[in-house]
Amino acid sequence: IIVAGDEFQMGPSSYFKSSNSETIDLLHQANYNWNKIDLKHHYRSVHPDLISFSNKHFYKGKLRTYPSYNSACPVQHYYSPTGKFIDRKNIVEAKSIASRLEKVLQKNSNIGVVAFSEEQKNCIWEHLSSNAQQVFTENLDSNIGFFKAVENVQGDECDQLFISFAYSLNEQGEFHHRFGPMNNVNGRNRLNVLLTRAKEQIHFFCSIKSVDFKLSENESINLLKNWINLSERYLESQELSFPFELTP
């Protein structure tokens with residue numbers, strides 16, 4: 001018997017169980033009781049930096065990736081300092097990501113869009129032009145790309161991934177660590193799923209800085225802070241690292 005799976009991706013869930021409990025599935029039992037063989041080669045991302053965060057924080061640096069043939073910066077960070085999170089949406093950030101999507105849609109149809117709340121996803125859609133909405137609709141009908149809230153992302157992939165974090169200061173100037181499904185016990189795995197969808201580029205939009213996060217007992221929140229910090233500090237030119245040694 002061979003059981004294949006990834007313990008750091010999303011496992012099966014049940015609406016009849018508390019959100020604070022994790023489902024004990026077959027993969028969990030097999031991983032605990034049987035011998036385990038890690039598959040170490042990562043093939044989806046064309047640039048090693050697209051998988052570097054997950055490789056470090058989930059896979060203990062064991063994944064082997066391949067050098068990029070493309071010199072384009074694999075991670076793009078967009079900061080909206082005036083964005084406010086009101087009624088579970090950030091209009092300023094939605095306008096920013098919609099504007100960028102309008103430009104990229106002309107060059108690439110395989111685009112994934114993920115918002116950290118259903119309301120933010122709908123807000124982004126409302127700020128797209130009718131032409132862009134039509135293009136997205138046709139692509140989605142043909143199973144090209146995706147347009148989802150973070151809790152619905154699983155098994156998807158795209159060339160370019162656009163993420164809208166949306167959470168930021170509210171009308172009172174307060175920043176609450178209430179990130180919906182990301183606060184649940186499996187939020188860490190949900191973040192790993194999200195950040196491993198892109199083949200070519202990740203475009204991350206946010207209206208908050210990593211220094212605005214407080215240290216939390218919730219591992220998922222601390223991982224979110226680490227990701228935003230990495231995105232902020234990203235350098236366009238980095239040396240390629242080969243997953244194998246060249247021999248004469």
Side-chain angles (χ1 to χ4, degrees), residues 3-15 17 19-28 30-31 38-65 74-77 97 110-118 120-121 124 140 143-167 179-206 216 218-231:
V3 178
D6 186 343
E7 62 187 299
F8 300 113
Q9 300 278 319
M10 293 300 297
S13 60
S14 172
Y15 289 103
K17 287 191 175 184
S19 60
N20 292 323
S21 62
E22 289 189 87
T23 302
I24 305 301
D25 56 22
L26 175 62
L27 179 62
H28 180 277
N31 188 48
D38 293 324
L39 302 180
K40 299 179 180 180
H41 290 87
H42 175 79
Y43 297 102
R44 173 176 292 155
S45 304
V46 300
H47 198 293
D49 290 359
L50 290 173
I51 195 66
S52 63
F53 181 84
S54 290
N55 198 11
K56 175 182 178 181
H57 292 282
F58 293 91
Y59 303 106
K60 299 180 180 179
K62 294 181 179 180
L63 291 183
R64 295 182 177 182
T65 58
V75 179
Q76 298 281 347
H77 183 91
I97 192 171
N110 192 352
I111 293 174
V113 180
V114 179
F116 270 68
S117 73
E118 188 73 23
Q120 182 69 3
K121 184 202 76 172
I124 295 170
L140 296 177
N143 293 318
I144 301 174
F146 50 92
F147 205 108
K148 297 182 175 182
V150 67
E151 61 266 27
N152 297 321
V153 177
Q154 174 76 338
D156 304 287
E157 68 175 26
C158 58
D159 291 340
Q160 299 198 37
L161 175 64
F162 286 73
I163 303 173
S164 178
F165 184 59
Y167 294 103
F179 307 130
M182 292 301 304
N183 284 81
N184 294 341
V185 68
N186 61 358
R188 62 192 186 278
N189 284 18
R190 197 176 297 280
L191 180 63
N192 183 40
V193 170
L194 172 62
L195 297 178
T196 53
R197 301 302 95 200
K199 296 180 182 179
E200 297 177 1
Q201 277 187 313
I202 294 177
H203 302 261
F204 186 76
F205 293 73
C206 69
S216 173
N218 188 323
E219 181 189 3
S220 302
I221 294 178
N222 293 330
L223 282 171
L224 267 173
K225 176 180 180 178
N226 288 337
W227 161 253
I228 293 176
N229 179 257
L230 173 66
S231 179

With a 4.5 Å cut-off on side-chain heavy atoms, are [Y] and [X] touching?
| X | Y | result |
| --- | --- | --- |
| Tyr59 | Asp38 | no |
| Phe58 | Leu63 | no |
| Cys206 | His77 | yes |
| Asn152 | Glu118 | yes |
| Phe204 | Leu195 | no |
| Trp227 | His57 | no |

- Tyr167 vs Phe116 aromatic rings, parallel, tilted or perpendicular, using cut-offs 30° and 60°?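 Judged by the thresholds at 30° and 60°, the geometry between Tyr167 and Phe116 is perpendicular.
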
Any sub-3.5 Å donor-acceptor pair from [X]'s side-chain atoms to [Y]'s backbone N or O?
| X | Y | answer |
| --- | --- | --- |
| Ser45 | Ala198 | yes |
| Ser231 | Ile228 | no |
| Asn110 | Gln160 | no |
| Arg44 | Thr196 | yes |

Approximate separation, where rounding is to 0.5 Å, of [X] [atom1] and [Y] [atom2]:
| X | Y | atom1 | atom2 | value |
| --- | --- | --- | --- | --- |
| Leu230 | Lys56 | CG | NZ | 8.0 Å |
| Glu200 | Leu161 | CD | CG | 12.0 Å |
| Asn222 | Arg188 | CG | CZ | 12.5 Å |
| Asn189 | Ser220 | CG | OG | 8.0 Å |
| Gln201 | Asp159 | CD | CG | 10.0 Å |
| Leu223 | Asn229 | CG | CG | 12.5 Å |

- Query: Of Gln9, Gln154, Glu151, which meets side chain to side chain contact (heavy atoms under 4.5 Å, CB included) against Arg190?
  - Reply: Glu151

- List the atom of Val114, the atom of Ala149, and the distance in Å for their closest heavy-atom pair. CG1-C, 4.2 Å

- Task: Compare every heavy atom of Asn186 with every heavy atom of Pro181, then report the nearest pair and how far apart it is.
- Result: O-OD1, 4.4 Å

- Task: Output all residues satisfying side-chain hydrogen bond (donor to acceptor under 3.5 Å, both in side chains) with Ser54, sequence neighbours left out; order by chain, then residue number.
- Result: Asn192

- Item | side-chain hydrogen bond (donor to acceptor under 3.5 Å, both in side chains) against Lys225, all qualifying residues, sequence neighbours excluded |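 With sequence neighbours excluded, Lys225 shows a side-chain hydrogen bond (donor to acceptor under 3.5 Å, both in side chains) to no residue whatsoever.
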
- Query: For Ile221, what residues pass the side-chain contact (heavy atoms from CB on, under 4.5 Å) criterion, not counting sequence neighbours?
  - Reply: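 Listed in chain order: His177, Phe179, Asn183, Phe213, Ser216, Asn218.
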
